[in-house]
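Please read all numbers here as calculations on a predicted model, not as lab measurements. Residue numbering restarts at 1 for every chain, and letters A, B, ... go by the order of the sequence lines.
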Amino acid sequence: MSSRLHIYNTISKQTEEFQPIDPPFVGMYLCGPTVYGDPHLGHSRGAVMMDILFRYLMHLEYKVRYVRNITDVGHLLNDADEGEDKIGKIAKANKVEPMEVAQQYTNAYHQALQKMNILPPSIEPIASGHIIEQIEMIEEILANGFAYESNGSVYFDVLKYAETNDYGALSGRKLEDLIAGAGEERRALEGQEEKKNPNDFALWKKATPEHIMKWNSPWSVGFPGWHIECSAMSGKYLGKQFDIHAGGMDLLFPHHESEIAQSTACNHTNPAKYWMHNNMITINGQKMAKSLNNGVLIEELFSGNHHLLEQAYSPMTLRFFLLQAHYRSTLDFSNEALQAAEKGFQRLMNAAGKTDSLTTANSSDMDIQSWVDKLYEQVNNDLATPQVIATLFEAAKWINEIDAKKLKISHTDKDLLHTTYHTFVFSILGLVAEEAENNEALDGVMQMVLDIRKTAKENKDWTTADKIRDGLKEAGIEVMDGKEGSNYKLS
RNA sequence: GAUAGGAUGGCUGAGUGGUCUAAAGCAGCAGACUGCAAAUCUGUUAUUCAGGAGUUCGAAUCUCCUUCCUGUCUCCA
């Protein structure tokens, strides 16, 4: 491999060569979900992007520690109903324990990602399990003079911080603009009057009496602010400075900007060397939003049970679909696009099944080594998975043509093609073949039905043969005729 | 209003100064296979990159203007 891994760093707005702080170790952190609802399509994108990076870094033989958190506390509600913890609100409504709600949605998140063959992270810390670490960090920030206590709550002093640091460096915001825009269309959040400045954000919030998720602290019985958990947990498991911090673009401001400020105020350093952000998805060209009634849960995509979906799409179809677009581009979901991905994925996998059994010759009609180099160049170029897939399709075509005896390949090249194709498809892109679930009873029935049809075909009784074929199709079973007899699949 | 990212064929989407008369997948069309289909395989399909002006020997790629889309501005992947 001649090229080296480069990734786009949001901080520098440039694609930079990836150089770990302390090779061969790599620490990476992804802002995980807030577990107050079932995972939707948006959640799948960042998880897949980081999964590719995780897999590829391991392929490059780095020793990777991948931390992806679960947020189960601390997010204030924005609705008129006061600042109450989201998890706590749902819990009270359903008369269950907050931890039960968090667990339910954490399980749902895990299940969805597992179906998509996303590797579990090395560590998955939970915010409510790190209250002490968060309190300690807040104390340090207070001691360093970058925060103040107000009525039992603690706020980060953005103006004070900005005197010696660049608040807005990551998101391209200027503090003057933030302050200027502060007056008019700001939402009415409770506790604003406690702040010195509207841009200050909470490190610790004093809980109202009806608030059920709360902890003791030096300042009040309350709960931590939104941003501090990621800073505390990434610091605990990856160190004061680690390699990669990732998340959706929507987290750029204020979440990541504030993380940088907190960590800098506490540890005097930007926590991460590389900041990566995946772009958003749209549905039929529109943003996904509750108000537009077009939000799609990952499970709804898998079941097809949604008014915008014409059919169910498999987990691998979703994974392949996401990888066909670059992670920094917006990606539009539509039935047409998903159906295209489904077919394309099948094609890629069909070829994968043939690589090992190709007939070899004395020489090759194609240059396999430069094809291999191209794949590495592309994945090294900021994880250009769409290009990697295109290059794999190039090989899929060769594989089919070799299979049809239109091209020839040497034994050495065949081995290289086989190994590389499989490495990229399975190990790096993380795709897996989706076998239709085996059902012995159905197999038995189908065996018999196809046998009857075979007899009909032998007797040139096309009416019966076609009746069986059409009837099965109606029932969701597709008959596939081949040279060596007929087969079927569930459609 | 501020700020970040976009607009490429019927669809999804690569490509960021010359090898671009624009990758790949899907759909369409033609062929192979088939009793006919489906599936599979092969071939083919954008003189053009939102619109306009400019820089350059050369622009999808750089600059400016216009239009539209998406994220964010203290809940969001």
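Along RNA chain B, the nucleotide closest to Q324(A) and the one closest to T463(A) are compared, and the more 5′ of them pairs with Q324(A).
Looking at heavy-atom distances under 4.0 Å, G172(A) makes contact with sugar-phosphate atoms alone, never a base. At the heavy-atom level, N400(A) lies under 4.0 Å from the strands shown only through sugar-phosphate atoms. Within the 4.0 angstrom heavy-atom criterion, only backbone atoms of the sugar-phosphate kind lie near K343(A); the bases stay farther away. As judged by a 4.0 angstrom heavy-atom cut-off over every strand, H277(A) is placed among residues making no nucleic acid contact. The residue D466(A) sits close to a base: some heavy atom pair falls under 4.0 Å. At the heavy-atom level, G344(A) lies under 4.0 Å from the strands shown only through sugar-phosphate atoms.
Less than 6.0 angstrom separates the ring centroid of F156(A) from the ring centroid of Y161(A).
Both key distances under 3.5 Å define a Watson-Crick or G-U pair, and stretches of 3 or more such consecutive pairs in RNA chain B run B:1-7 with B:67-73, B:10-12 with B:24-26, B:28-32 with B:40-44, B:50-54 with B:62-66.
Taking every side-chain heavy atom of A340(A) into account, C26(B) is the closest of U12(B), A14(B), C26(B). Residue S329(A) has its side chain nearest to A14(B) when only G35(B), A4(B), A14(B) are considered.
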Give each protein N/O atom lying under 3.5 Å from an N/O atom of nucleotides 43-45 of chain B, with the pair distance.
| residue | atom | partner | partner atom | Å |
| --- | --- | --- | --- | --- |
| G43(B) | OP1 | K397(A) | NZ | 3.2 |
| G43(B) | OP2 | K397(A) | NZ | 3.0 |

What protein N or O atoms touch nucleotides 70-72 of chain B N or O atoms at under 3.5 angstrom, if any, and at what distances?
| residue | atom | partner | partner atom | Å |
| --- | --- | --- | --- | --- |
| U72(B) | O2' | F253(A) | O | 2.8 |
| U72(B) | O2 | R173(A) | NH1 | 3.2 |
| U72(B) | O2 | R173(A) | NH2 | 2.9 |

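In terms of heavy atoms, S171(A) sits closest to L252(A) at CA-CD2, 3.5 Å. Residues T264(A) and N165(A) approach most closely at CG2-OD1, 3.6 Å, considering heavy atoms.
Taking the 5.5 Å centre cut-off and the 30° plane limit, the aromatic side chain of W462(A) is classed as stacked on G35(B).
Regarding contacts with the backbone of A4(B), every side-chain N or O of R328(A) stays at 4.0 angstrom or more from both OP1 and OP2.
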